[in-house]
Amino acid sequence: MDLSTVKERAGPRQFGPTDDMPREYREAATRMIQFHANSEIMGAYIERPFVRQAPSLDRKLAVSAQVQDEIGHGQLLYRAAENLGIKTREEMLDELAAGEGKFLNCFHYPLGNWYELPMIMFFVDGAAMRRQATLKRTSWEPYAHAIDKICFEEGFHIKHGEDILRELATGSRRDQELLQRAFEKWWPRILQFFGPTDDQSTHDDFSQEVGLKTMSNDDLRNAFLNAYLPKAEKYGLEPPEYPRVEYHEDRDHYEVYEEDLDWDEFFTVARNELPTGRGQIDKRRRSQDAVAWVREAIETTPASGDTPAAAD
Amino acid sequence: MIFEVFRQETESDYHEHVGNVHAPDEEMARLFAQVMHARRKPANSLWVVPKEEISEVDADDPGVAMGGTTQKAYRWATNYSTGRMAEEIEASEAEQVEAEARRRSTRSEGGDD
Ligand SMILES: [Fe+2]
Ligand SMILES: [Fe+2]
């Protein structure tokens, strides 16, 4: 299929492994899904310490279920990406371990304490869900397929995140203060989740033309702020004065003041050069190395002649 | 030989099991599958799979735990009352509610016989 046919036919779940897709499409889809898969994995690593640090058994069970889900999401997505024939799953995992794999900005910052956890679980996962919901209509069918399962599970993450937020926001004065502090620390990073507002990214236009993306980052950010700023308010969280976010009622639009955000840091993060981000990548690599023997044992098992299922 | 047949209605649907056909070989199986399962009903694609090639895990097999039969309320969106949520979160929760209803009804059907 040539590129103009792809653009013409582009629509929800339009293309799959049986279609002969041009290289440009397959590369763009790989870049997008690999980024998403990496982010699921790195998100799990951000939350993982709280399986141990959870204040109650219920929280511990729920956090570990979430971490388990995220790893599963990563696996689903690597499979969807692998179908494109550009990179194998092993190559993508190796790139992540080598610090060459890109992933969401927020997962380059480890969480300092329990009060920061809902910043990820509620706001960051909430932002991710905003984007994921639109990907049910992506043109690469295996991607949409994976998204179905991800969206099914993800509602629990965000609600659990909000439940923690509510518990802390209605807790002691000290709880409320620490929560506000966590919010102020994370808010600028959350605002940067969808990238710069005047995004001149060339990837973006192409992805929309071929139906991989169905909504611009600007619109996604706006929809996110629309749904989540009222939630912050509801729990008594006050956005810091800077970065300024101004609501324009006439256009139902949130204006984010670009100049108030630290874009040097954002692009340092994007290059995988932020020291804390490197720390997260190393943590992930060490885990991968630690279980190398399991993968080797599985892969070197001699294939037996009969399939066990046929035996009975 | 028995071949199981999975039909995909349109390009964007999942393949769903629709039944099986009896055939001497794969070629005939594909033909029978079309006749049986894609003649009257719209179909975009059929998967035709030799039955013995399918690995199965049965819920009753020893050591198998599937489908949320253990108490894991903490694992579902419905466990947390947080008021109105963004529409995509409500959609996710609605899917979970539906899955739970289906789980309940299969369990009670099982209890009847
Ligand atoms: Fe996820
Ligand atoms: Fe999540």
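First the proteins, then the strands, lettered A, B, ... as listed; each starts at 1.
- Of the two parts of Q14(A), the backbone and the side chain both hold a non-hydrogen atom closer than 4.5 Å to a non-hydrogen atom of chain B.
- Closest approach of F156(A) and Y74(B) over heavy atoms only: CE1-O, 3.0 Å.
- Listed here is the closest heavy atom pair of K234(A) and T82(B): NZ-O, 3.4 Å.
- Contact of A99(B) with chain A is made through the side chain alone, with heavy-atom distances under 4.5 Å.
- Distance alone, capped at 3.5 Å, is enough to place a donor-acceptor pair between the S92(B) side chain and the C151(A) backbone.
- Looking at S81(B), the atoms closer than 4.5 Å to chain A (heavy atoms on both sides) all sit in the backbone: N, CA, C or O.
- Of all the heavy atoms in G155(A) and A77(B), the pair that sits closest is C-CB, 3.9 Å.
- In this structure, chain B has heavy atoms under 4.5 Å from both the backbone and the side chain of E162(A).
- Between chain A and the residues K72(B), Q96(B), E87(B), the most heavy-atom pairs under 4.5 angstrom are made by Q96(B).
- Looking at Q68(A), the atoms closer than 4.5 Å to chain B (heavy atoms on both sides) all sit in the side chain, from C-beta outward.
- Annotation: R84(B), atom CZ; neighbour count of heavy atoms from other residues, nucleotides and ligands within 6.0 Å does not exceed 12.
- Annotation: E90(B), atom CD; neighbour count of heavy atoms from other residues, nucleotides and ligands within 6.0 Å is above 12.
- With a 4.5 angstrom heavy-atom cutoff, F224(A) does not touch chain B via any of its atoms.
- Contacts with chain B were tallied for A227(A), A133(A), A65(A); A65(A) has the most, counting heavy-atom pairs under 4.5 Å.
- With rounding to the nearest 0.5 Å, the separation of CD in E153(A) from CZ in R75(B) is 6.0 Å.
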>> Please evaluate residues D13(B) and R13(A) with respect to the criterion salt bridge (charged side-chain N to carboxylate O under 4.0 Å, His left out), reporting the C-alpha separation (whole Å), side-chain torsions for both, the decisive distance (0.1 Å), and the verdict.
In response: CA-CA 9 Å; D13(B) 287 318; R13(A) 303 181 188 227; over 6 Å; no
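- Remark: of the listed residues R130(A), K136(A), R131(A), R130(A) is the sole one forming a salt bridge (charged side-chain N to carboxylate O under 4.0 Å, His left out) with E88(B).
- Under the 30°/60° scheme for interplanar angles, the aromatic rings of H145(A) and Y14(B) are found to be tilted.
- When each of T18(A), D148(A), D58(A) is scored by its heavy-atom pairs under 4.5 Å with chain B, the top score falls to D148(A).
- For CZ of R26(A), the number of neighbouring non-hydrogen atoms (other residues, nucleotides, ligands) closer than 6.0 Å is greater than 12.
- Contact of the E93(B) side chain with the K159(A) side chain is registered, since non-hydrogen atoms from C-beta on lie closer than 4.5 Å.
- Between E98(B) atom CD and F152(A) atom CZ the span is 9.0 Å, to the nearest 0.5 Å.
- Interface remark: N226(A) contributes no atoms to any contact with chain B (heavy atom separation under 4.5 Å).
- More than 12 heavy-atom neighbours from other residues, nucleotides or ligands sit within 6.0 angstrom of NZ on K7(A).
- For the atom pair CH2 (W76(B)) and NE2 (H160(A)), the distance works out to 15.0 Å, reported to the nearest 0.5 Å.
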